[in-house]
2 protein chains.
Amino acid sequence: MKLKKITKKPQALGKRWYHDACGSALGLELLGERWSLLIVRELVFGGRRFSDLRGSLPGISANILTIRLEGLERFGIIRRRTLPPPSGAQIYELTAWGYEAEVILRELGRWATRSPLHDPTLPLSAASLLMSFRTMYSSKRAKGEAATIGFRFGADGFVVEFDHQGAHPKRAEPQGCALTVVADPTTLASVVYGGRPLADAEARGELALTGDRKLFGRFLTWFPLPEKIE
Amino acid sequence: MKLKKITKKPQALGKRWYHDACGSALGLELLGERWSLLIVRELVFGGRRFSDLRGSLPGISANILTIRLEGLERFGIIRRRTLPPPSGAQIYELTAWGYEAEVILRELGRWATRSPLHDPTLPLSAASLLMSFRTMYSSKRAKGEAATIGFRFGADGFVVEFDHQGAHPKRAEPQGCALTVVADPTTLASVVYGGRPLADAEARGELALTGDRKLFGRFLTWFPLPEKIE
DNA sequence: CGGCATCCGGGAAGATACTG
DNA sequence: CAGTATCTTCCCGGATGCCG
C-alpha cells in the first residue's frame with residue numbers, strides 16, 4: 001500500500017501566475033481558469049453534487065472538474081459538505097464570499113449578450129436561465145407587477161419572485177404558484193429570448209403551462225436583451 | 001519567398017468551445033482566455049502600442065500577445081489603428097463595446113481583493129492603479145471634497161478628477177494641478193493600500209509630491225479596501 | 001453510482017531567437 | 001519597434017479503472 005502522494009499541486013500558485021498586484025489579476029488567478037466561473041454559476045442557487053455539475057457543464061471531464069473543485073475549495077470560494085443521513089451524499093456549495101462572485105457573472109453575461117455571436121437558442125442549464133432572469137429582468141418593463149412564478153426543469157423545481165427590486169429565484173417546489181411552467185431550460189430560453197412562439201413549443205409538448213396563462217404573456221416581456229453592438 | 005500561411009486560427013471558435021447559450025459562457029469565450037482581460041485593462045485609459053502592452057503585462061510573450069490581439073480584434077473588442085504621421089505608430093484601442101467591459105474588471109477586482117491572497121505591495125501597472133482608484137474610491141470617505149490630482153508614472157502623465165460621482169482618470173499632462181504625485185505605480189500603491197509611510201517612500205526618492213501636501217494626506221483616506229473574508 | 005487517480009494525445013502557453 | 005518562427009513545457013480533454 002502506497003502512502004498518498006503529497007506532490008499534488010491542484011492548480012495555479014505554482015508557475016503560471018500573473019505577477020501583478022491588481023485585484024483583477026488576482027481575480028483571474030482565482031476564477032480565471034477554464035470552467036471555474038461556470039462551476040460557480042451552477043452553484044449560485046444552492047449546493048450541487050459532483051454529477052449534477054458534470055451534467056450541467058456539457059463537455060467538462062471528470063478529472064478537470066475534480067481539479068477545479070479542489071482549487072475553488074482551497075481558495076475559499078466553495079466548500080464541501082456531506083449531507084446528513086440517509087442521503088449521505090456529498091455536495092459542493094458556495095461560501096458567503098463565493099456567492100458574491102455572482103455579480104461578476106452577471107456583468108460578464110450582460111456585456112457578452114451584446115455580441116453578435118450570442119445565440120439564445122443554444123442549450124443552457126437551469127442555473128444559467130435563472131441567472132439570466134436575475135440579470136435581464138426589468139421592473140420597469142414589468143410595470144411594478146409583483147408575481148411569483150414556478151418552474152419545473154426536469155427534476156429541479158424553482159420558485160421565482162418578481163418585484164420592483166428584481167427577480168429572486170430559489171430552489172423550491174412550484175406548488176401553489178399562480179403560474180407554473182414546465183419545460184426544459186433551453187426551450188424556455190428560446191421562447192423568452194429567441195422569440196419562438198409559445199404555441200409552437202406547446203404543440204410539440206416541450207412546454208406546459210399551469211395556471212394564469214395571461215401572466216405568462218406578460219412575463220415574456222420582462223426581459224429585454226441589451227442592444228447588439230454596431 | 002513564401003506566401004503568407006492562411007491556416008492560422010487565431011483563437012477559440014475552433015474546438016474548445018463551451019456549448020452553452022448562457023451569456024456568461026459567451027463572455028468567457030470572448031474574454032476568458034489567459035491575458036485577454038488584462039489586455040483590456042491596459043487599454044481602458046486609451047490606446048497603447050504593442051510594446052507598451054508587453055511592458056505592462058509582466059510575463060506575456062510576444063506571440064501570445066499577437067494572438068490575443070488578433071482574437072480581441074476579431075470579436076470587435078479592440079481595433080487597430082495607425083497614428084497619423086509623423087508618429088505613424090500602430091496602436092490598439094478599445095471599441096465602444098470594449099470599454100464597457102471595464103465594469104467586469106471592476107467587479108472582478110473588487111471581489112478578489114477580499115481574498116487573503118491579495119497583496120497590494122506586488123508590482124502593478126499604471127492602468128491597474130488608476131482602475132483601482134475608480135473601483136475603490138469612496139466619495140463618502142472624501143466627504144464630498146472635489147479635487148483634481150496629477151500623477152506622473154515614468155513617461156505617462158495622468159490627471160484624475162475626484163468628485164461626488166467618482167474618480168475620473170484621463171491621460172494628460174499633470175500641470176497646473178493643485179497636487180502632483182511622481183512615483184512608480186507600485187510605490188504609490190504600497191502607500192495608498194499597503195500602509196507604507198509616505199516619509200519612507202519620499203526619503204528613498206521613490207515618490208515626490210508637488211503642491212498641496214495636505215491634500216495628499218486626505219487623498220490617502222479615500223480608498224477603503226473591502227473587508228477580508230472570514 | 002460518486003469521487004478520484006492515471007495514462008495518453010493534442011493543443012495552448014512560455015521562452016528564445018530572429019527578421020524587416 | 002513590431003511582430004514572426006520554432007521549440008519546449010504544461011494544461012486540457014477523453015478514456016479507463018479503482019474503491020467506497
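Proteins get letters first, then strands, A, B, ... in listed order; numbering begins at 1 in each.
Every residue meeting the salt bridge (Lys or Arg N to Asp or Glu O under 4.0 Å) condition with A/Glu93, not counting sequence neighbours, appears here in chain and number order: A/Arg79, A/Arg81.
Atom CZ of B/Phe50 and atom C1' of D/dG3 are 5 Å apart (whole Å). Rounded to whole Å, atom P of D/dG3 lies 10 Å from atom CD of B/Glu73. Protein atom OH of B/Tyr92 is 11 Å distant from nucleotide atom C1' of D/dC1, rounded to whole Å. At whole-Å resolution of the value, CD1 in A/Ile39 and C1' in D/dC12 are 13 Å apart. To the nearest angstrom, C1' of C/dC4 lies 15 Å from CG of A/Leu53. Straight-line distance from the CD1 atom of A/Ile78 to the P atom of C/dG3: 12 Å, rounded to whole Å. One interatomic measurement links the two molecules: CD of A/Glu70 to P of D/dC11, which rounds to 14 Å at whole-angstrom precision. Nucleotide C/dA5 holds its C1' atom 15 Å from the CG atom of A/Leu69, rounded to whole Å.
Classification of B/Arg196 and B/Glu206 as a salt-bridged pair holds, one side-chain N sitting under 4.0 Å from a carboxylate O. Between A/Asp20 and B/Arg41, at least one side-chain nitrogen of the basic residue sits less than 4.0 Å from a carboxylate oxygen of the acidic one, meeting the salt-bridge criterion. Of the charged side-chain nitrogens involved, at least one lies within less than 4.0 Å of a carboxylate oxygen, so that B/Glu102 and B/Arg106 count as a salt-bridged pair.
Distances shorter than 4.0 Å separate none of the side-chain N or O atoms of B/Tyr18 from OP1 or OP2 on D/dG13. Using a 4.0 Å cut-off, some side-chain N or O of A/Arg80 falls inside it from OP1 or OP2 of C/dC4.
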task: Could you give me the CA-CA distance, side-chain angles and deciding distance for B/Phe133 and B/Phe151, then say whether ring pair (Phe, Tyr, Trp, His ring centres under 6.0 Å) is met?
output: CA-CA 12 Å; B/Phe133 288 166; B/Phe151 297 89; 5.8 Å; yes
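In this structure, a donor-acceptor pair under 3.5 Å is absent between the side chains of A/Asn63 and A/Thr66.
Residue pairs satisfying the ring-ring contact (aromatic ring centres under 6.0 Å, His included) criterion with at least one member in residues 77-128 of chain B, sequence neighbours excluded, are listed as follows: A/Trp97-B/Trp111, A/Trp111-B/Trp97.
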- request: Between protein and nucleotides 13-20 of chain C, map the contacts as a letter string: B base, S sugar-phosphate only, - none, heavy atoms under 4.0 Å, written 5' to 3'.
  value: BBB-----
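Side-chain atoms of A/Ser51 lie closest to C/dG2 of the nucleotides D/dG3, C/dG2, C/dG3.
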